[in-house]
Amino acid sequence: MMDPTQTAAPAAAPNAPTEAHTETPAAAACFDTLPLDAKLLRAVADQGYATMTPIQAKAIPVVLAGRDVMGAAQTGTGKTAAFSIPLLQRMLRHENSSMSPARHPVRALVLAPTRELADQVANNVKAYSRHTKLRAAVVFGGVDMKPQTAELKAGVEVLIATPGRLLDHIEARNAVLNQVEYVVLDEADRMLDIGFLPDLQRILSYLPKTRQTLLFSATFSPEIKRLAESYLQEPVLVEVARPNATASTVEQRFYSVSADDKRAAVLKLLRDRDIKQAIVFVNSKLGCARLARSFERDGLRTNALHGDKSQDERLKALDAFKRGEVDVLVCTDVAARGLDIADLPAVFNFDVPFNAEDYVHRIGRTGRAGASGLAVTLVTREDARLVAEVEKLIKKKLELEPLELEDDRWRPPRRSEAPAGGGDRGEFRRPERERFERAERPAAPRRNSAPASDPFFDRPYEPSTMSGTPAWEQDAPSVVQPGALHHKPRKKIAALFGAKKSAASAAS
DNA sequence: AAAAAAT
């Protein structure tokens, strides 16, 4: 069943102003039907946005009403704007009279799980607040603290941060968080997972108990939902799709290959599908660096992005990729979540991710804002179990296809065949370089139009719920069967593998 | 089988 705001019925948005320049025939609600300050509406229009995406249409009024929110929507559907615009509005409405300029209190805090994502969110918040006097700043690790400190001391109303560096600033008394009124956890389920939880709890301990808290993600397990509940007060669950749903705009393919053929498979698919640009996800930093070097030898313009690179290299790699100067970005899961790369045509899972949730996030780098995208996952026999977990999580029947690598030209030499010394390893790779040299490439960032507002509407799943009561009690059992694989402790899964496999096949 | 986030 469709949500009323998502139908094409003209009556759905009677107040839609005629000046809105949208090509969408569907009468999706426009931002200016909301009680938003003109400064914010102007900033939204500056970004080229007129109509709201479903998560925005549903979450913004709830945030404006001051409620705590747990928000779930597919990747690439505008969650950042869904929380930042109404938060800015509330900050404009309620000037903090107790604000003492000398103490530079932060009024809104947004936490993100990676530095790149924090940076991106900050850029969005700055864009939406540009016509206001509210100041936004971002702090994350890997870069000099001094400029961040100076910015904090000068006074910042909205602070976007990764946890570790924020704690540094708190302890150095650069950031005063005892007057925070709004907290957002972006990629909330990641922020609440075991690796982040201690830092997160420490940060929250510095904040006032009375505040508005917002959690957003495309993935929520019932366990995390329950945990999250303890950080929220009478939260409203805002769901546009079932949590863990993949975007309908992404074509998902699963190819059965041997580990030795994975590189050849990527090259073949890049060629066969005429893919101009792609992210290739790898499970380990070492594998990431190696694969990037390999693609480089194949003549592709390639960069690696992983946590062992300097922050400078990381930001430059991402930037070069966004500008189209790099064909293939080989990454670890540092890039799995949240990053918005306009019109990225394809994502490859060179390795099947260890966590099914990460599959959802990885493929969410493509098919964003209504664009179409391709997600290819390469599956070896050992990965069958992980794929089964993905299937359970996203509740979609996945079909494993064979991939014929008939033409030897696309198969890089095996270790045993490779010429010693690693010189120029084979002319058969030349066609790759030529194809990419021929490819037409957009010179500048490619997205200027407003995001299409209807491709997200065709969900086969339950319509969103928006109620005043915490909904996950009734929701949890129906979403996932008790005992479903991805709810078992990871250790148990690992143990299953350990029992089956000996160290024999571990060499690589 | 891992990655990320402080130095």
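Lettering follows sequence order; numbering is per chain, from 1.
Of the candidates B/dA6, B/dA2, B/dA3, B/dA3 carries the atom nearest the A/T332 side chain, counting heavy atoms from C-beta on. The side chain of A/F140 lies closest to B/dA6, out of B/dA6, B/dA5, B/dA4.
Under the ring pair (Phe, Tyr, Trp, His ring centres under 6.0 Å) criterion, A/F348 pairs with no residue, sequence neighbours left out.
Applying side chain to side chain contact (heavy atoms under 4.5 Å, CB included) to A/Y255 and the options A/L400, A/T377, A/L269 leaves one that passes, A/L269.
Side chains of A/Q252 and A/Y359: a donor-acceptor N/O pair is present below 3.5 angstrom, by distance only.
One atom, NZ of A/K285, and another, C1' of B/dA3, lie 7 Å apart when rounded to the nearest Å. Atom NZ in A/K309 sits roughly 15 Å away from atom P in B/dA5 (whole-Å rounding). Separating the CZ atom of A/R165 from the P atom of B/dA4 is a distance of 17 Å, rounded to the nearest angstrom. Rounded to an integer number of Å, the gap from A/E171 CD to B/dT7 P is 13 Å. Rounded to whole Å, atom P of B/dA1 lies 15 Å from atom CG of A/L286. The distance from atom CZ of A/F281 to atom P of B/dA3 is 14 Å, rounded to the nearest whole Å. Residue A/L166 contributes atom CG, which lies 12 Å from atom C1' of B/dA5 at whole-angstrom precision. The CG atom of A/D308 sits 12 Å away from the C1' atom of B/dA2 (whole-angstrom rounding).
Side-chain N/O atoms of A/T162 include one lying less than 4.0 angstrom from OP1 or OP2 on B/dA6. Of the side-chain N and O atoms in A/R115, one or more sit less than 4.0 angstrom from OP1 or OP2 of B/dA6. Residue A/T114 places no side-chain N or O under 4.0 Å from the OP1 or OP2 atom of B/dA5.
Within the 4.0 angstrom heavy-atom criterion, no nucleotide atom of any strand lies near A/R337. A/G195 comes within 4.0 angstrom of a base, heavy atoms only. Residue contacts for A/D168: at a heavy-atom cut-off of 4.0 Å it reaches a base atom on one of the strands shown.
At a cut-off of 3.5 angstrom, the base of B/dA2 holds at least one donor-acceptor pair with the side chain of A/N355.
With A/F350 as the aromatic partner, A/K262 meets the cation-pi criteria of under 6.0 angstrom to the ring centre and within 45 degrees of the ring axis.
A salt bridge (charged side-chain N to carboxylate O under 4.0 Å, His left out) check over residues 249-258 of chain A, counting only residues at least two apart or in different chains, returns the pairs A/E251-A/R253, A/E251-A/R273, A/R253-A/E401.
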